[in-house]
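Just so you know, residue 1 is the first one in the sequence shown, and it goes up from there. All ligand and atom numbering here is 1-based and tracks the order in the structure.
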Amino acid sequence: MAQYDVIIIGGGPGGYNAAIRAGQLGLKVACVEKRATLGGTCLNVGCMPSKALLHASELYDAANGEFAKLGIQVQPKLDLVQMMKQKAESVAALTKGIEFLFKKNKVEWVKGAGRIAGPGKVEVTAEDGSVTALEARNIVIATGSEPSPLPGVVVDNNRIVDSTGALSLPEVPKSLVVIGAGIIGLELGSVWRRLGAEVTVVEFLDRITPGMDGETAKTFQRALTKQGMTFKLGSKVTGAKAGKNDVTLTVEPVAGGEPETLKAQYVLLAIGRRPYTDGLGLETVGITPDKRGFIETDHFKTSAPGVWAIGDAIHGPMLAHKAEEDAVACIELIAGKAGHVDYNLVPSVVYTAPEVAWVGKTEEQLKEAGIAYKTGKFPFTANSRAKINHETEGFAKVLADATTDEILGVHIIGPQAGEMIGEYCVAMAFRAASEDIARVCHPHPTRSEAGRQAAMGVEGWTMQA
Ligand code: FAD
Ligand code: NAI
């Protein structure tokens with residue numbers, strides 16, 4: 001029977017980073033993945049294909065409007081087949097890249113569905129039904145997550161789709177109802193809105209994107225509304241009936257009141273994701289997931305000796321870069337090193353236009369924790385690069401401790417916000433004060449100057465505006 005130092009179940013950002021790090025540290029490692037390609041949700045049906053469509057649709061949208069303002073006259077014609085093809089080609093290249101990294105780092109990819117069969121034992125069932133038994137000193141669960149279901153709304157990936165279906169619609173919907181104003185709903189809603197769909201977003205709460213700083217979320221909602229998205233907040237979908245050509249939805253106000261009927265050509269259900277541990281054999285090692293399906297861990301150790309868990313299957317933000325951090329730290333702990341993740345410094349980015357990016361605490365979290373803070377804020381309308389590019393929507397906001405000036409949270413809304421937030425992740429990892437950023441020379445003209453001006457604003461010495 002094949003013996004390993006580590007067997008990782010799942011080949012997504014958690015699993016493949018764990019496998020590669022284990023290989024680098026000289027551990028004998030296998031990664032079990034049942035999908036036909038490596039890369040998990042992120043590379044196959046998540047981060048990568050969604051960003052490919054966001055990029056292409058943003059350019060199409062600009063060609064339909066913004067280009068003319070810059071003196072570029074074009075009449076774009078959508079070729080959806082080619083747009084999907086370039087997405088698929090990028091995804092294929094990326095998943096192949098992981099295969100290459102596996103070979104380079106001596107990681108064995110065991111193809112098939114993995115099941116824990118007792119302490120130190122994993123059984124892998126291949127597509128042809130054959131079963132291989134493996135043994136390992138350490139098993140790492142990296143099986144990820146799946147879309148959460150909603151009673152009364154059956155995903156058929158024909159008329160009623162989840163995120164995977166919404167990445168491959170065969171046509172531009174005339175109308176699309178998105179259930180859930182979270183990151184998936186707004187990113188994929190934006191894609192189809194830009195390509196011509198009428199998009200209505202139904203959200204249970206009275207705000208969009210829970211978890212995002214409140215002021216930023218309001219600005220974000222205004223921007224999306226200006227682009228033509230319609231929001232029905234404080235509303236719940238109680239049923240959806242798919243016909244041949246459209247879907248009829250029943251929507252009720254959360255606060256009570258008359259239900260209404262909505263019709264749409266397609267519906268995207270995006271109300272969150274839940275851990276995926278189906279058929280994993282957790283019971284054979286005495287692991288019981290919590291009420292929401294998460295595997296409970298202490299520094300990635302589960303309640304079963306020698307069994308570890310990382311990524312979307314455990315608590316924390318369901319993000320690829322968080323899974324990657326978990327992976328490296330977990331393997332380093334297995335190898336006797338000092339693996340560590342600071343979850344306060346896991347940034348979030350919504351890749352819409354404008355982009356929204358943040359790290360650390362929101363104003364609401366600071367208020368709730370009773371922490372006194374000072375705010376510096378700088379609008380892109382006063383940033384020269386933004387003005388020159390006619391991209392002045394949004395702002396950068398820095399929240400710093402009122403006593404020590406340590407940066408506690410940063411919130412940026414505007415083009416390239418995702419690129420700008422990295423500077424603040426580094427600064428906060430070094431426990432920088434807002435003054436540390438304020439006194440560092442930034443290149444001119446760049447949008448990063450707005451980030452610096454926001455830091456200067458904490459002490460009230462913003463130069464422009
Ligand atoms: P996954 O990527 O889900 O990988 C788990 C893998 O395990 C899967 O390949 C699965 O087939 C395999 N598996 C499961 N059970 C078994 C088994 N028993 N045997 C063998 N294999 C098994 N995050 C970001 O940070 N940025 C983004 O821009 C972003 N965009 C997203 C867009 C969409 C549409 C979606 C759905 C998600 C997005 N995410 C994004 C979230 C990101 O994809 C996840 O957080 C990330 O993939 C989690 O990594 P993971 O390794 O924990 O799990
Ligand atoms: P989400 O948790 O971001 O948002 C779900 C939304 O649905 C919330 O606003 C919630 O209040 C709402 N909701 C819940 N039940 C509802 C109901 N019955 N009716 C109406 N609204 C309801 O989840 P989402 O968008 O599905 O994304 C899942 C995860 O995927 C995210 O949490 C994120 O971690 C990850 N992701 C990250 C991306 C990125 O980093 N750019 C992109 C896409 C996904």
Side-chain angles (χ1 to χ4, degrees), residues 8-18 31-51 53-54 95 110-116 122-125 141-148 150-153 162-164 166-167 178-189 201-212 217 232-238 251-252 254 268-281 309-314 316-324 326-327 346-352 355-357 418:
I8 294 148
I9 306 179
Y16 75 71
N17 280 288
C31 180
V32 184
E33 171 57 60
K34 62 182 177 180
R35 205 186 285 268
T37 48
L38 293 169
T41 304
C42 178
L43 269 61
N44 290 284
V45 289
C47 328
M48 294 307 149
S50 60
K51 266 79 258 179
L53 292 184
L54 278 157
T95 58
V110 182
K111 296 182 185 178
R115 179 181 163 273
I116 301 174
V122 174
E123 280 176 5
V124 183
T125 306
I141 298 168
T143 50
S145 62
E146 61 178 353
S148 299
L150 179 64
V153 181
D162 57 18
S163 54
T164 301
L167 288 166
V178 175
I179 310 178
I183 307 190
I184 291 183
L186 299 182
E187 284 190 353
L188 295 181
V201 183
V202 182
E203 165 62 45
F204 189 85
L205 301 175
D206 59 5
R207 57 160 292 169
I208 67 166
T209 46
M212 185 184 284
K232 277 188 171 299
L233 302 184
S235 301
K236 59 179 178 190
V237 173
T238 50
V251 182
E252 285 178 23
V254 172
L268 163 59
L269 179 65
I271 57 163
R273 293 178 63 82
R274 64 181 184 188
Y276 177 74
T277 54
D278 279 3
L280 194 54
I310 58 174
D312 279 9
I314 68 170
M318 288 178 147
L319 295 172
H321 43 281
K322 178 269 189 183
E324 183 178 339
D326 283 358
V346 175
S348 293
V349 181
V350 188
Y351 295 85
T352 42
E355 279 185 2
V356 188

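For the pair Lys232 (side chain) and Val201 (backbone), a donor-acceptor distance under 3.5 Å is absent. A donor-acceptor contact shorter than 3.5 Å links the side chain of Ser148 to the backbone of Gly272. In this structure, the side chain of Asp206 does not engage the main chain of Gly234 through any donor-acceptor pair within 3.5 Å. The backbone N or O of Arg115 sits nowhere less than 3.5 Å from a side-chain atom of Glu123 that would complete a donor-acceptor pair. A donor-acceptor distance shorter than 3.5 angstrom exists from the side chain of Ser235 to the backbone of Leu233, with no hydrogens or angles considered. Side-chain atoms of Arg273 never come within 3.5 Å of backbone atoms of Gly144 as a donor-acceptor pair (strictly under, hydrogens ignored).
The shortest N or O to N or O distance between Leu150 and ligand 2 is not under 3.5 Å. Not a single N or O atom of Thr209, backbone or side chain, sits closer than 3.5 Å to an N or O atom of ligand 2.
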| request: Test Ile9 against Lys34 for side-chain contact (heavy atoms from CB on, under 4.5 Å), laying out the working first. | output: CA-CA 9 Å; Ile9 306 179; Lys34 62 182 177 180; over 6 Å; no
| query | For Leu167 and Met48, what are the C-alpha separation, side-chain angles and deciding distance, and is it a side-chain contact (heavy atoms from CB on, under 4.5 Å)? | reply | CA-CA 10 Å; Leu167 288 166; Met48 294 307 149; over 6 Å; no
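Numbered from 1 in the order shown, with element, the atoms of ligand 2 that lie under 4.0 Å from a heavy atom of Tyr351 read 41 (N). Every atom of ligand 2 with a heavy atom of Pro210 under 4.0 Å away is listed here by number and element: 8 (C), 9 (O). Heavy-atom proximity to Leu319, at under 4.0 Å, picks out these atoms of ligand 2: 34 (O), 37 (C), 40 (O). Set against the non-hydrogen atoms of Ile179, the atoms of ligand 2 under 4.0 Å away are 19 (N), 20 (C).
Looking at atom 23 (O) of ligand 2, its nearest protein heavy atom turns out to be Gly272 CA, 3.2 Å. Nearest non-hydrogen protein atom to atom 29 (C) of ligand 2 is Arg273 CD, 4.0 Å. Nearest protein neighbour of atom 20 (C) of ligand 2, counting heavy atoms only, is Phe204 N, 3.3 Å. The protein heavy atom nearest to atom 1 (P) of ligand 2 is Gly182 CA, 4.1 Å. The protein heavy atom nearest to atom 38 (C) of ligand 2 is Ile183 CG2, 3.4 Å. With respect to atom 7 (O) of ligand 2, the closest heavy atom belonging to the protein is Gly180 CA, 3.3 Å. Here the heavy atom of the protein found nearest to atom 17 (C) of ligand 2 is Ile271 CG2, 3.9 Å. Taking atom 44 (C) of ligand 2 as the reference point, the nearest protein heavy-atom neighbour is Ile184 CG1, 3.2 Å.
Protein residues are said to neighbour a ligand when one of their heavy atoms lies under 4.0 Å from it; for ligand 1 these are Ile9, Gly10, Gly11, Gly12, Pro13, Gly14, Gly15, Val32, Glu33, Lys34, Arg35, Gly40, Thr41, Cys42, Val45, Gly46, Cys47, Ser50, Lys51, Gly112, Ala113, Gly114, Ala142, Thr143, Gly144, Ser145, Ser163, Ile184, Arg273, Tyr276, Leu280, Gly311, Asp312, Met318, Leu319, Ala320, His321, Ala323, Tyr351.
Expressed to the nearest 0.5 Å, how far CG of Leu319 lies from CG of Asp312 amounts to 8.0 Å. To the nearest 0.5 angstrom, Ile184 atom CD1 is 10.0 Å from Met318 atom CE. To the nearest 0.5 Å, the span separating OH on Tyr16 from CG on Leu43 amounts to 5.0 Å. Separating the CG atom in Asp162 from the CG atom in Leu268 is a distance of 8.0 Å, to the nearest 0.5 Å. The line from CD1 of Ile8 to OG1 of Thr143 is 12.5 Å long, rounded to the nearest 0.5 Å. Interatomic distance, NZ of Lys322 versus CD1 of Ile314, reported as 4.0 Å (0.5 Å rounding).
By the definition of a contact as any protein heavy atom under 4.0 Å away, atom 32 (O) of ligand 2 is not in contact.
When the heavy atoms of Lys236, Arg274, Met318, Glu203 are ranked by distance to atom 34 (O) of ligand 2, first place goes to Met318.
Only the backbone of Val202 comes within 4.0 Å of ligand 2, judged by heavy-atom distances. Contact annotation for Val349 and ligand 2: only backbone heavy atoms (N, CA, C, O) come within less than 4.0 Å of the ligand. Contacts with ligand 2 closer than 4.0 Å are made by side-chain heavy atoms of Leu205 only, the backbone lying farther away.
For the pair Ala270 and ligand 2, a heavy-atom separation below 4.0 Å is found.
Residues Ser163 and Val45 form no side-chain contact, since every pair of their non-hydrogen atoms from C-beta on lies 4.5 Å or further apart.
For the residue pair Thr95 / Asn44, no side-chain donor-acceptor distance below 3.5 Å is found, with atom types taken as modelled.
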